[in-house]
*Asks:* 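There's a structure below that I have some questions on.
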Amino acid sequence: MAGSRLEKFGTVFTRVRDLIRAGVVKEKDKPIWYDVYAAFPPKRPPLYVKPQTRVFVKTEDNVPEIFYKEDAIRAKFYETYGNGPKMIDLSRSTFVSSCQRFVEKYNELQSTGGFEEDALFEETSKALLAEGILLRRKGVPAVAPEPRDPVLGMKLTEMLAEEQQANTAAPDTTAAAAVENTASVDNTTSTTATPEQTQTETLATDANKPS
Amino acid sequence: MAAGMLTKAICGLRCPRFAAAALSCSSQSYSTAALPKAVLTPSDNTADQNKLLNVPLSHPDFFRVSELFSLKDLFDARVHLGHKKGCRHRLMEPYLFGSRLDTDVIDLEQTVPHLQQALNFTAHVAFRGGIILFVSRYRQFGHLVERTARECGEYAHTRYWQGGLLTNATIQYGPGVRLPDLIIFLSTLNNVFQTHVAIRDAAKMNIPTVGVVDTNCNPSLITYPVPANDDTPAAMELYCRLFKVTINRAKDKRKQLELLKGLGPSTTSS
């Protein structure tokens, strides 16, 4: 069957139509789809479009960007709270994310109460907290760290040295008791306790002698 | 191995069609001596035949393809999702609804009538006994497309497209080959993101095409383009299901009408 291989000129239909009109293709050899195309032509004739040569001037973007009024609220939500507590599950078509709930509550409060913008944001957070959604601010850890036990900060050797100096001025029994106390508190200094004991005894006898 | 797959995929193009080839492509059939001669139908039979073929053309939606899907079905199958703004093809701009944070969104209000037209055309071609070839070089859905073609009794080509498949068919497959009457593209790009060669070849061989064009495709040479998403499995399964159902519906209708009119199976039907 005769054909026309010029895909850049006209459409498939126009070429076959012209071949039939010229008598090259007989009526009985008409392609099957010819009548169907004639009855239901496409919205745009499938003409070949030459690829555009280098565009030096930036043409305008004909495709509009899609933005909604609620996007301002959403942007603020994501900036403050990060991704939100609930994971987004796209497999369900009726799924409502935590951000969407926030937006709905915000709009509700805006229409009913007479709050200002900043207050409105805080109000919606509180309202959601009341409903059970815990929103955590970005950057702040969830639980405050436990304060370190102050006992661990004390230096016991220094404390012992201080006690001994305080005890040398005091009387025997108290000195002995203090020595025993210090000995019981700090076992590592037990070896040093005995010379100290003799030292304090001699000091005491010296003190008692002149009196 | 690729050549073997190729011939297996398009083997049907040659084998059962010689009788029809003798009728339709008369100039190419050198081998008519061994084949059964085409039965000459009597004149009133041809008049009936013509009526049978032309009656469906007067109805706007004879096969009720618009009932097969709704806009909500398309939305649920994620048909409206396009690629990013940087990948956009200039000629796809009229079919886009907008871009949300740089991701293109296809206008489903336009997709619905385009898809209806495409399905309607497919149904009429199948009704008239046309050969339909499914082409898709998207490897993720290759098996799905082949399965769809098998289930509706048509053909599929989801492997490497050799240059002269359509344009050099008489030499590659022998004389008297009947070429497809409609090619359906479930993805118009090949594996290197260039336009599939078959689109240009089909236009050269005067074969109409139906194609699912995504936001990075060129819709200019496709006869019935359908601006839709071709990357999501849900969307691809939807298209395969729709095409399969329309083709089966059209063929069943044909058998039914022939039985009613008492014509018996005609030589041009599949």
Side-chain angles (χ1 to χ4, degrees), chain A residues 1-20 24-53 55 59-68 71 74-75 78 90-94, chain B residues 23-28 53-54 56-58 60 75-76 78 85 88 90-94 96-105 110 113-114 117-118 120-121 123-125 127-131 167 181-182 199-209 218-225 268:
Chain A
M1 194 181 96
S4 164
R5 295 198 179 191
L6 309 166
E7 85 272 13
K8 296 188 185 170
F9 294 95
T11 70
V12 184
F13 181 71
T14 54
R15 274 176 266 137
V16 173
R17 183 200 64 197
D18 294 341
L19 285 171
I20 293 172
V24 182
V25 172
K26 306 286 179 276
E27 270 294 324
K28 59 175 174 64
D29 294 334
K30 201 160 60 166
I32 289 175
W33 54 268
Y34 185 83
D35 292 322
V36 187
Y37 189 114
F40 307 108
K43 290 189 195 293
R44 177 201 161 261
L47 287 162
Y48 174 75
V49 175
K50 251 191 352 191
Q52 213 180 33
T53 48
V55 182
T59 46
E60 54 173 56
D61 195 8
N62 295 326
V63 178
E65 299 222 351
I66 301 172
F67 284 121
Y68 301 100
D71 283 345
R74 288 190 190 122
Y78 283 120
L90 287 175
S91 54
R92 287 170 39 207
S93 51
T94 53
Chain B
L23 241 180
S24 50
C25 321
S26 43
S27 61
Q28 291 290 336
L53 292 178
N54 291 330
L57 291 181
S58 50
F75 183 82
D76 289 335
R78 275 90 83 177
K85 193 166 97 170
R88 192 194 300 160
R90 182 175 58 94
L91 297 169
M92 285 300 290
E93 279 174 14
L96 295 182
F97 178 75
S99 80
R100 171 72 166 163
L101 302 175
D102 276 1
T103 307
D104 287 337
V105 175
Q110 290 188 52
H114 276 97
Q117 267 205 322
N120 185 43
F121 187 82
H124 280 279
V125 169
F127 180 81
R128 286 154 170 259
I131 299 181
T167 45
D181 300 297
L182 172 66
I199 295 173
R200 193 207 60 186
D201 283 355
K204 273 189 183 290
M205 305 308 290
N206 297 331
I207 300 170
T209 46
N218 182 357
S220 60
L221 271 180
I222 298 168
T223 327
Y224 294 89
T268 50

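Every value quoted in this text rests on a predicted model; they were computed, and no experiment measured them. Labels below follow one simple rule: chain letters A, B, ... track the order of the sequence lines, proteins then strands, and each chain is numbered from 1.
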*Asks:* Looking at T167(B), L53(B), L91(B), which has the largest count of heavy-atom pairs under 4.5 Å with chain A?
*Replies:*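 Sorted descending by pairs with chain A, the first entry is T167(B).
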
*Asks:* Identify which of K26(A), E65(A), R15(A), K43(A) forms the greatest number of heavy-atom pairs closer than 4.5 Å to chain B.
*Replies:*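 The residue among K26(A), E65(A), R15(A), K43(A) with the greatest pair count is K43(A).
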
*Asks:* Checking heavy atoms, do the side chain of I222(B), its backbone, both or neither come under 4.5 Å from chain A?
*Replies:*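 For I222(B), the backbone is the part near chain A, not the side chain.
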
*Asks:* Using only atom types and a distance under 3.5 Å, with no angle test, would you say the side chain of S220(B) pairs donor to acceptor with the backbone of Y48(A)?
*Replies:*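 Looks like no, no N/O pair under 3.5 Å.
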
*Asks:* If you count every heavy atom of other residues, nucleotides or ligands that lies below 6.0 Å from F67(A) atom CZ, does the total exceed 12?
*Replies:*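 Result for CZ/F67(A): enclosed.
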
*Asks:* Between L182(B), V125(B), T223(B), which is the residue that forms a side chain to side chain contact (heavy atoms under 4.5 Å, CB included) with W33(A)?
*Replies:*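 Per the side chain to side chain contact (heavy atoms under 4.5 Å, CB included) rule, the option paired with W33(A) is V125(B), out of L182(B), V125(B), T223(B).
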
*Asks:* Could you tell me which of S93(A), A39(A), S4(A) has the largest number of non-hydrogen atom pairs under 4.5 Å with chain B?
*Replies:*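 Of the candidates given, the most pairs with chain B belong to S4(A).
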
*Asks:* Between A203(B), P219(B), S58(B), which shows the greatest number of heavy-atom pairs under 4.5 Å with chain A?
*Replies:*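 The candidate making the most pairs under 4.5 Å is A203(B).
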
*Asks:* Please check: side-chain N/O of Q117(B) versus main-chain N/O of P41(A), any donor-acceptor pairing under 3.5 Å?
*Replies:*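 Such a contact is found between Q117(B) side chain and P41(A) backbone.
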
*Asks:* Taking Q110(B) for its side chain and P94(B) for its backbone only, find out whether a donor-acceptor pair lies under 3.5 Å.
*Replies:*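 Looks like yes, one N/O pair under 3.5 Å.
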
*Asks:* Can you tell me how far the CG atom of N62(A) sits from the CD atom of E93(B), to the nearest 0.5 Å?
*Replies:*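 CD of E93(B) is found 5.0 Å from CG of N62(A).
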
*Asks:* Pick one of side chain, backbone, both or neither for F13(A), based on which atoms fall under 4.5 Å of a heavy atom in chain B.
*Replies:*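 For F13(A), neither part sits under 4.5 Å from chain B.
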
*Asks:* Heavy-atom distance under 4.5 Å to chain A: side chain of F97(B), backbone, both or neither?
*Replies:*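 Both parts, backbone and side chain.
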
*Asks:* What pairs with R200(B) under salt bridge (charged side-chain N to carboxylate O under 4.0 Å, His left out), at least two apart in sequence or on another chain?
*Replies:*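 Residues passing salt bridge (charged side-chain N to carboxylate O under 4.0 Å, His left out) with R200(B): none at all.
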
*Asks:* Select one option (side chain, backbone, both, neither) describing which atoms of I207(B) are under 4.5 Å from chain A's heavy atoms.
*Replies:*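 Contact with chain A is through the backbone of I207(B) alone.
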
*Asks:* Specify which of S99(B), G98(B), P60(B) makes the most heavy-atom pairs with chain A at under 4.5 Å.
*Replies:*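 So the answer, after comparing S99(B), G98(B), P60(B), is S99(B).
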
*Asks:* Taking every non-hydrogen pair under 4.5 Å, which of V16(A), T11(A), D71(A) racks up the most with chain B?
*Replies:*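 Ranked by contacts with chain B, first place is D71(A).
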
*Asks:* If every non-hydrogen atom of R90(B) is compared with every non-hydrogen atom of V49(A), which pair is closest and at what distance?
*Replies:*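 Taking R90(B) first and V49(A) second, the nearest heavy atoms are NH2-CG1, 4.2 Å.
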
*Asks:* Report which part of N120(B) has an atom under 4.5 Å of a heavy atom belonging to chain A: side chain, backbone, both, or neither.
*Replies:*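 The side chain, not the backbone.
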
